[in-house]
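The structure under discussion appears below in the form of C-alpha cells.
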Amino acid sequence: MARGGINKVLVKQAREALIGKGQNPSIDAIRVALGNTGSKSTIHRYLREIEEESATVLDNQALLSQPIQELVGRLASRLKEEAQVAIDEDKKHYDLKISTLVAKTEEQQGIIAAANTQAANQDQALANALMHIEDHKKNAEALNISLAKAAQSNAKLQTILEEKQNHIDSLEDKHRHNREAMAHYRQSVKEQREQDQRQQEQHTQQLHAEIRTLNQVVSVKQADITQLNKDNGRLAEQQVAAQKTARELEAASTKAQNLLDTQLSKCSTLEGQLAQLRTHTHTQSIEIKKLKESIAPLQAWKEDKQINLAKLEAEVAVKTQIVEQLISEQNKLNKQEAPSQAQSSSLDDGSSNTLSNSSSNNSGST
C-alpha cells in the first residue's frame with residue numbers, strides 16, 4: 001500500500017541511502033526508494049533544496065569539522081589523481097590511435113605512389129608496344145604489297161613462259177611436219193627411183209637444190225629452237241628466282257604475322273594488368289577516403305577530450321583551492337579559545353534545533 005505523502009526529510013534519507021549504496025540519486029530512483037510515493041515535481045523541488053543546502057554548508061567553511069576537511073582533501077586529491085589517470089589513459093590511447101592511423105595512411109600513400117609509378121611504367125610499355133605493333137603492321141603491309149607485286153610478276157612470267165612454250169611447241173610441230181615431209185619425200189623418191197631413175201638423174205640437181213634449201217630452213221629452225229631453248233632456260237631461271245623470292249616473302253610475312261600476334265598477346269596482357277592496377281588504385285583511393293573520414297571524428301573526439309580535460313583541471317584547481325581555504329580556516333578556528341568553541345557549540349545546537357523545528361513544520365505541512 002502506497003504511503004500518504006512525502007517530505008524533505010524522507011527525500012533526504014532516501015537520497016543519502018542511494019548515495020551510500022553507490023547509486024545515482026535520480027528522481028525515479030528516489031521515488032522507487034520512497035515506495036513509489038510523491039510526484040516527480042515535488043521530489044525534484046526537495047532535491048534542489050537539499051542540494052542548495054548542501055552547497056551552502058560546503059561554502060560555509062566554518063561549519064566543516066577537521067574530519068570532513070580531511071575527507072574533502074582526500075576526495076579532492078583522489079579526484080585529481082583519478083582525473084589525471086583518466087586523462088593520461090585517454091591521451092595515451094588517442095596518441096596511439098593517431099600514430100597508428102598516420103602510419104597506416106603513410107603506408108597506403110606509399111602503396112598508391114608505387115601503384116601510380118607502376119601504372120605509368122605499364123602505360124609507357126603499352127605505348128611502346130603499340131608503336132612496335134604499328135611498325136610491324138606497316139612492315140607487314142609493305143611485305144604484302146611486295147608479295148602482291150611478286151605474285152603479279154610471277155603471273156606475267158608464267159604467261160610469257162606459256163607463250164614461249166606454245167611457240168616452241170608450234171616450232172617443234174613444224175619441224176616434225178618437215179621431217180615427216182622429208183621422210184615421205186625420200187620414201188617416194190626411193191619407191192620411184194627404179195622407175196624414174198632417168199627422171200631422178202634429171203631432177204638430181206633440182207632435188208639437191210631443194211635439199212640445200214630445206215637444210216638451210218632446218219638450220220634456221222634449229223637456230224630458232226636453240227634460241228627458244230635458251231629463252232626457255234632463262235625464263236625458267238627467272239621463274240625459279242621469282243618462286244624463291246615469293247617463298248622468302250611468304251616466310252617474312254609469316255614471321256611478321258607471328259611477331260604481330262605475339263605483340264598483340266603482350267598488348268592484351270598489359271591491358272589486363274593496367275585494368276587490375278587501375279582497380280587496385282581505385283580501391284586504395286576509397287580506403288584513403290575512408291581513413292580521412294575516420295580522422296575527422298577522432299579530431300572532434302580529441303578536441304572534446306581536451307575541453308573535458310581543461311574543465312577537469314579547472315574543477316580540480318577550484319576544489320583544491322576550496323580545500324586549502326577550508327584547511328586554513330579550520331586551523332584558525334582550532335587556535336581560538338575555549339569560550340569561542342563553547343559558543344560555537346551552542347550555535348550548532350541552536351542550528352540543530354532550528355533544523356528539527358523546520359523539519360517538523362515541513363512534516364506537518366505535508
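None of the values given here were measured: they were computed from a predicted structure.
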Around atom CD of Gln158, are there more than 12 heavy atoms from other residues, nucleotides or ligands closer than 6.0 Å? yes

Which pair of heavy atoms, one from Ile6 and one from Thr42, lies closest together, and at what distance? CD1-CG2, 4.1 Å

Between Ile27 and Leu34, is there shared hydrophobic-cluster membership here, with clusters defined by ILVMFWY side-chain heavy atoms closer than 4.5 Å? yes

Take Glu141 and Lys137 through the salt bridge (charged side-chain N to carboxylate O under 4.0 Å, His left out) test and state the conclusion after the steps. CA-CA 6 Å; Glu141 290 176 357; Lys137 284 183 179 179; over 6 Å; no

Pair Arg176 + Asp173, salt bridge at N-O below 4.0 Å: yes

Interatomic distance, Lys174 atom NZ to Asp169 atom CG [nearest 0.5 angstrom]: 12.5 Å

Is the backbone N or O of Lys40 less than 3.5 Å from a side-chain atom of Arg31, with the two atoms forming a donor-acceptor pair by type? no

Does Leu101 offer a backbone N or O that forms a donor-acceptor pair with the side chain of Thr105 under 3.5 Å? yes

Kindly say whether Gly35 contributes a backbone atom to a donor-acceptor pair with the side chain of Thr37 at under 3.5 angstrom? yes

Are Leu143 and Leu259 connected in the hydrophobic side-chain network, where two residues link if heavy atoms are under 4.5 Å apart? no

Where do Ala150 and Leu249 come nearest, in terms of heavy atoms and distance? CB-CD1, 3.7 Å

For a quick test of reading the model, state the closest non-hydrogen atom pair linking Tyr46 to Val11 and the distance between them. CD1-CG2, 3.6 Å

Within this structure, what is the CG-CD distance for the pair Leu161 and Glu163, rounded to the nearest 0.5 Å? 10.0 Å

Are more than 12 heavy atoms, taken from residues, nucleotides or ligands other than Arg179, located less than 6.0 Å from that residue's CZ atom? yes

Same cluster (ILVMFWY, side-chain, under 4.5 Å), Leu228 and Ile160: no

Is it true that atom NE2 of His177 has more than 12 heavy atoms of other residues, nucleotides or ligands lying nearer than 6.0 Å? yes

Working to the nearest 0.5 Å, report the span between CD1 of Ile87 and CD of Glu82. 11.5 Å

Taking all non-hydrogen atoms of both residues into account, name the closest pair between Glu250 and Leu147 and its distance. N-CD1, 4.3 Å

Taken to the nearest 0.5 Å, the spacing of Ile50 CD1 from Lys8 NZ works out to 7.0 Å

Check whether any side-chain heavy atom of Asp88 sits under 4.5 Å from a side-chain heavy atom of Lys92, and report yes or no. no

Side-chain touch Glu89/His93, heavy atoms, less than 4.5 angstrom: no

Distance col, row His175:NE2 vs Ile168:CD1, nearest 0.5 angstrom, shows 14.0 Å

Taking C-beta and beyond as the side chain, do Gln239 and Leu157 meet within less than 4.5 Å on heavy atoms? no

Nearest heavy atoms of Pro25 and Leu18, plus distance in Å: CA-CD1, 4.0 Å

Do Gln124 and Asn121 come close enough that some side-chain heavy atom pair is under 4.5 Å? no

How far does CD of Glu49 sit from CD of Glu51, to the nearest 0.5 angstrom? 11.0 Å

Measure from the side-chain N and O atoms of Ser265 to the backbone N and O of Asp261, and report whether any donor-acceptor pair falls under 3.5 Å. no

